[in-house]
Amino acid sequence: MKNTGAILIAAAILSLLGLFFFWPLALTVQSAFVFNHQWTLAFFGELVQNPLYAEGLRNSLALAIVTTAIVVCMALPLAVLAARFDFWGKTWLTGLILLPMILPPFVGAIGIRQILGPYGVINAALVNLHLMDWSQAVDWLGRGRFWAVAITEALHLYPIFYLNAVAAIANVDPSLEEAAENLGCAGWRRFRRITLPLMMPGLFAGGTLVFIWSFTELGTPLMFDYARVTAVQIYNGIQDIGASPLPYALVVVMLVASAGFYALGKGVFGRSGYEMMAKGSTAGSTRPLRGARAGAAFGLFAIVFLLAILPHIGVILTSFSQAWYRSVAPSQWTLEWYRQALGHGLTLPSIHNSCFYALLAMGADLILGVAAAVIIVRSSLRWRGALDTLIMLPLAVPGIVLAFGYIAMSQPGRLFAGLNPTENPTVLLIIAYAVRRLPYVVRAAAAGLQQISASLEEAAKNLGCPPVRTVVRITLPLISANLMAGGLLAFSFAMLEVSDSLMLAQKQAYFPITKALYELFQVLGNGPYLAAALGVWSMLFLGITLLLANRLLGQRLGAVFRL
Amino acid sequence: MFDVFLLFFPMNRPNTSTLVLFLALVLVLLVPFLLQPRREAIPHGARKLVIMSPHNEAVRHEFERAFQRWHRARFGEAVTIDWRNIGGTSEIVRYLDSEFIAAERVGRNGIGIDLFFGGGQYDHAQQAKKGHLAACGLRQRHPEWLTDAVIPATFSGEMFYDPEDRWYGCCLSSFGICWNQDVLAAHGIRPAPQGWADLADFSYYRLVALADPTKSGSINKAFEMLIQEQLRSELTARGIPGGQATPAASAAAEDLAAGWRRAFGVIRRIGANARYFTDSASKVPLDVAQGAAAAGMCIDFYGRFESEMIARNERSDRMIYITPIGGSSVSVDPIALIRGAPHRELAERFIDFCLSPEGQQLWNTRVGESGGPVITGGPERYALRRLPIRKDMYTQKFSQTMSDPTALPYLQVGDFAYQAAWTGPLFALIRVLIRTMCIDTHAELTSAWEAINRNGGPAACPAAFAAFMALPPNAEYGQALAVTAQQLNDKLTEARLTREWILFFRNQYRQARDLAEKAVP
């Protein structure tokens with residue numbers, strides 16, 4: 001790629017990032033650097049000297065490492081099975097396996113509590129089986145909190161890694177594997193020596209997202225009351241009525257730490273991209289599994305899926321329950337919560353708003369994400385690595401920090417006063433969603449580009465194809481599996497975005513679904529049940545969308561680019 | 001172009017399962033449409049009022065509907081309310097601060113919002129102190145309301161309205177204790193808790209759900225009341241004459257210091273028994289009702305409503321709520337006129353409505369009741385379960401239509417007499433001390449408490465217990481405390497003090513745990 005074009009595109013991306021990420025971030029965290037109208041690092045000094053914050057960072061890092069390890073162990077075999085083999089039920093299971101990532105906010109904790117609470121489903125089953133009585137009820141939520149958080153996060157995040165891994169396998173040139181097999185390298189050895197290195201860009205993409213997400217994750221530790229992690233310390237500090245600048249200093253520390261870990265990971269795992277010339281000369285790259293092997297494959301998918309949707313099952317059953325206490329299933333059932341929640345005046349506009357905001361945000365991410373990925377992978381700019389790192393940073397910033405920043409930058413007298421969310425938050429919400437989900441698309445697109453040889457594009461240019469047309473006719477189709485994966489993630493998580501939705505959508509007419517969920521959750525007494533009902537609707541909507549996408553495009557994810 | 005489309009979206013030919021999925025999607029999208037309620041059209045030319053509020057949708061719905069009817073009947077004009085909702089009170093406070101800074105930067109007086117409705121007295125007082133609120137003229141329009149017989153200026157140590165006319169309490173709330181009888185029985189805890197100190201017993205270890213005083217001024221106030229209760233109890237135990245209502249001047253510093261240590265001893269042990277500290281109002285009663293906690297500290301209307309809902313839906317009496325007599329103050333949810341309100345006249349009318357009998361009866365009338373003034377009637381859809389601030393609403397006539405006729409806040413406070421001089425200036429310090437003592441160091445606190453009780457209890461491990469209960473020298477009552485409280489005005493000094501106390505408590509708890517493990521049984 002010519003440097004002039006690359007510089008212009010990179011400058012445009014950096015400008016957008018500067019305006020819609022770094023500037024709002026700076027507006028919020030500036031209080032950590034300024035005290036009594038003077039610049040200071042004193043608050044950072046306090047952080048360093050306080051052992052609790054160091055412990056929080058250590059726990060956050062440990063959580064990220066353990067969660068990522070669990071995700072890789074869980075999702076990599078699933079991705080290989082999905083991309084390389086056929087077995088009974090595969091078509092549906094490969095769609096269902098994505099559903100765990102669509103757990104709506106606020107109601108997830110209800111679902112977990114119904115399953116794992118002292119008087120929840122698991123203990124009720126043990127009591128019914130006469131293995132214990134209620135005085136011996138196990139506090140599953142209170143014990144082993146670190147591992148409970150890690151496993152819950154892994155079960156929520158593995159679809160991210162899975163999608164990227166599947167796309168990566170889809171891009172592997174089978175002729176290279178065939179050549180290895182011809183030379184006597186087969187089975188596990190071939191996978192380790194040939195397939196895995198070829199997949200590494202996609203694995204790095206998925207692993208990075210999971211690592212940074214779990215390093216900065218707030219919701220799951222809060223659910224398990226595990227407070228000694230950085231994200232919870234930031235949240236508690238921001239919510240403190242004392243209004244101390246310390247949590248904003250901690251935000252900066254977490255940002256720097258996330259960038260550092262990402263750069264380190266990229267240096268260790270993300271450099272080896274083996275470009276492939278062809279996607280293979282054989283059609284039909286999946287092998288059928290029969291008998292016990294097919295059963296084992298089915299069983300692995302089923303077990304992971306069932307474990308991952310336990311919270312969802314809790315939410316679904318709660319939404320139908322009139323009474324559910326000390327029993328495996330609700331003792332009384334009702335449809336009343338659905339009538340109230342779905343018939344509420346908030347609901348229909350919020351559905352429309354969410355779809356609109358998420359679709360436009362996804363579209364913006366696809367355009368910017370591809371542009372950024374092309375710079376990062378194809379250009380020779382010396383600072384493309386820094387650009388890559390900067391683009392990942394939105395993952396590391398708590399949503400509430402950015403939300404305050406957006407409000408600050410759109411106040412009267414500021415450059416974006418015209419975007420003031422008090423009148424109409426639409427543009428600001430789309431920007432907020434797009435910024436926070438951009439890393440998914442960039443990672444997915446970069447992974448795809450790393451697996452495709454640049455000589456294919458060069459050949460098109462040699463034949464007179466202009467650069468833009470080359471990207472449209474050659475590059476994009478070759479990486480469309482990756483773009484679909486990234487786009488799906490961006491859309492789903494934009495639909496479920498919490499902090500920006502709560503803070504920026506101030507008027508009911510502009511509420512997205514997450515704000516409607518929050519409002520229903522606050523209704524006295526019935527609130528959690530109403531929120532569970534709307535949460536189930538949201539899961540159904542997103543789930544069917546994902547399954548449809550998988551049906552329409554999923555079989556192509558692995559095989560569409562076979563020549 | 002179609003080639004490009006297919007290249008981007010290479011699709012399978014739709015088959016039966018794909019069609020089924022598509023139909024399912026259409027059905028899912030259709031259901032909310034079919035269940036949509038009919039909306040009342042906003043009358044043309046209706047005047048608009050802009051209100052920022054953390055109140056839930058139920059309160060907003062009922063007050064908007066009732067105010068519209070009241071305003072049409074009284075002034076012959078249609079009105080509509082533009083509710084601004086950005087989350088809880090802490091988000092609103094940050095938003096208001098930020099908007100006023102921006103307004104001052106461009107030379108504007110207001111921020112485009114008329115009223116701040118809901119949140120705690122502490123938050124409204126802070127906004128008033130910052131100059132963000134304006135006198136609303138209520139004391140000129142309705143002086144007859146601002147008497148001890150109707151709306152007292154203060155009660156149980158709490159201010160019910162601002163002496164400078166900038167904010168007024170609209171409804172009452174207090175903190176109390178809810179518990180689950182099944183969980184208490186399963187753990188052999190008898191009798192049920194009747195006061196805060198009962199939750200300090202080790203039998204409640206990891207079974208108590210607590211509200212977080214660092215996240216809410218109202219919750220911090222509740223802990224301050226707990227401290228006041230323990231101070232009074234200590235003075236009474238020491239035989240101080242008239243200890244329950246002793247003016248500060250006649251209580252010796254040494255006696256108050258002992259009471260202060262006693263109070264924080266109780267708070268510390270309750271904290272050690274806590275599963276968590278939460279800022280979510282609904283989490284505590286929900287967890288207690290579902291058996292995830294044995295007992296908890298929750299807002300009165302949440303506790304009462306959850307208890308009633310369990311009784312009604314599940315025919316179970318397992319969930320009980322009480323307001324500890326003499327152990328809780330009554331606080332208010334205020335309303336305030338924001339400086340530079342664009343629709344001031346309408347805003348003043350809304351304040352008048354909220355404090356009128358017509359508005360007050362909305363807080364606790366049952367749904368569908370027509371008791372009360374004919375103009376508005378009772379709530380249309382939601383029973384709000386809050387308590388009106390006006391004393392003259394607690395009458396025989398009104399109680400017949402109330403959701404909670406037995407809730408009598410002006411009587412149930414008991415002989416509690418708040419002594420402002422004891423703890424008033426220490427409000428911020430109490431928050432920081434509880435945070436460092438119980439919340440930030442919760443892991444070490446619970447570990448030490450468990451070790452002490454596993455090795456025979458406080459009596460068997462006196463050295464360990466002494467280490468467990470120690471306070472930092474600059475947190476002891478008296479001169480040192482007053483100096484420390486002053487230091488908290490500076491954010492950097494507060495950060496240093498927080499760090500210092502965290503280190504102190506961590507070391508003490510680790511020491512206590514080690515001493516307990518070494519104690520001879």
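Because the structure is a prediction, the values reported are computed rather than measured. Protein chains get the first letters and strands the later ones, always in sequence-line order, with residue 1 at the start of each.
For A:Arg414 (side chain) and B:Ala102 (main-chain N/O), no donor-acceptor pair under 3.5 Å exists by modelled atom type. Using a distance-only test at 3.5 Å, with no hydrogens or angles considered, no donor-acceptor pair links the side chain of A:Gln522 to the main chain of B:Ser282. Remark: side-chain polar atoms of B:Lys491 are paired, donor with acceptor, to backbone N or O of A:Gly242 under 3.5 angstrom.
Inter-residue side-chain proximity for A:Phe35 and B:Asp490 is flagged as met; some heavy-atom pair is nearer than 4.5 Å. A:Gln411 has its side chain out of reach of B:Ile101: every pair of non-hydrogen atoms, C-beta onward, lies at least 4.5 Å apart. Proximity of B:Arg275 to A:Asp139: side-chain heavy atoms (C-beta onward) are separated by under 4.5 Å at one or more points. Here the side chains of B:Glu91 and A:Gln239 are in contact, with some heavy-atom distance below 4.5 Å. Annotation: side chain of B:Asp279 is in contact with side chain of A:Tyr235 (closest heavy-atom distance under 4.5 Å). Taking 4.5 Å as the limit, every side-chain heavy atom of B:Arg318 sits out of range of all side-chain heavy atoms of A:Arg326. Contact check for A:Val523 versus B:Asn56: no side-chain heavy atoms found under the 4.5 Å cut-off. Side-chain atoms of A:His344 and B:Leu35, non-hydrogen and from C-beta on, never get closer than 4.5 Å to each other.
Comparing B:Leu21, B:Asn85, B:Val106, B:Val28 by how many heavy-atom pairs each has under 4.5 Å with chain A, the most go to B:Asn85. Of the listed residues (A:Ile407, A:Ile238, A:Thr334), the one with the most heavy-atom contacts under 4.5 Å to chain B is A:Ile238. When each of B:Met52, B:His442, B:His61, B:Glu99 is scored by its heavy-atom pairs under 4.5 Å with chain A, the top score falls to B:Glu99.
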Side chain to side chain contact (heavy atoms under 4.5 Å, CB included) between A:Glu519 and B:Arg60, intermediate numbers included: CA-CA 11 Å; A:Glu519 289 288 310; B:Arg60 299 200 306 266; 2.4 Å; yes
Intermediate values then yes/no, side chain to side chain contact (heavy atoms under 4.5 Å, CB included), A:Tyr325 and B:Asn180: CA-CA 12 Å; A:Tyr325 176 70; B:Asn180 183 313; 3.3 Å; yes
Derivation and outcome, side chain to side chain contact (heavy atoms under 4.5 Å, CB included), residues A:Thr347 and B:Phe33: CA-CA 9 Å; A:Thr347 302; B:Phe33 275 101; over 6 Å; no
Residues B:Thr498, A:Glu46; criterion side chain to side chain contact (heavy atoms under 4.5 Å, CB included); working and verdict: CA-CA 10 Å; B:Thr498 301; A:Glu46 284 301 317; over 6 Å; no
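Remark: A:Asp225 CG to B:Phe277 CZ distance equals 11.0 Å, nearest 0.5 Å. Separation of atoms OG1 (B:Thr89) and CD1 (A:Ile241) is listed at 10.5 Å; rounding is to 0.5 Å.
Only the backbone of A:Trp324 comes within less than 4.5 Å of a heavy atom in chain B; its side chain stays farther off. Heavy atoms of A:Ala505 lying under 4.5 Å from chain B belong exclusively to its backbone. Interface residue A:Tyr53: only side-chain heavy atoms are found under 4.5 Å from chain B. Only the side chain of A:Ile400 has a heavy atom closer than 4.5 Å to any heavy atom of chain B. The part of A:Leu246 that comes within reach of chain B is its side chain, from C-beta onward, which places non-hydrogen atoms under 4.5 angstrom from that chain. The contact between A:Pro245 and chain B is made entirely by side chain atoms (from C-beta outward), counting heavy-atom distances below 4.5 Å. For chain B, the nearby parts of A:Thr422 are the backbone and the side chain; heavy atoms of each come within less than 4.5 Å. Heavy-atom distances place the side chain of A:Tyr518, and not its backbone, under 4.5 Å from chain B. Heavy-atom distances place the side chain of A:Pro528, and not its backbone, under 4.5 Å from chain B.
No donor-acceptor contact under 3.5 angstrom links the side chains of B:Asp182 and A:Tyr119, judged on distance only.
The minimum heavy-atom distance between B:Met309 and A:Asn526, with the atom names listed, is SD-OD1, 3.0 Å. Contact between B:Tyr95 and A:Phe404 at its shortest, heavy atoms only, is N-CE2, 4.5 Å.
Classification of A:Glu423 and B:Arg84 as a salt-bridged pair holds, one side-chain N sitting under 4.0 Å from a carboxylate O. Ionic pairing of B:Asp287 and A:Arg113 is present here: one or more N-O contacts between side-chain nitrogen and carboxylate oxygen are shorter than 4.0 angstrom. Salt-bridge formation is detected for the pair A:Arg228/B:Glu444: a Lys NZ or Arg NE/NH1/NH2 atom is positioned less than 4.0 Å from an Asp or Glu carboxylate oxygen.
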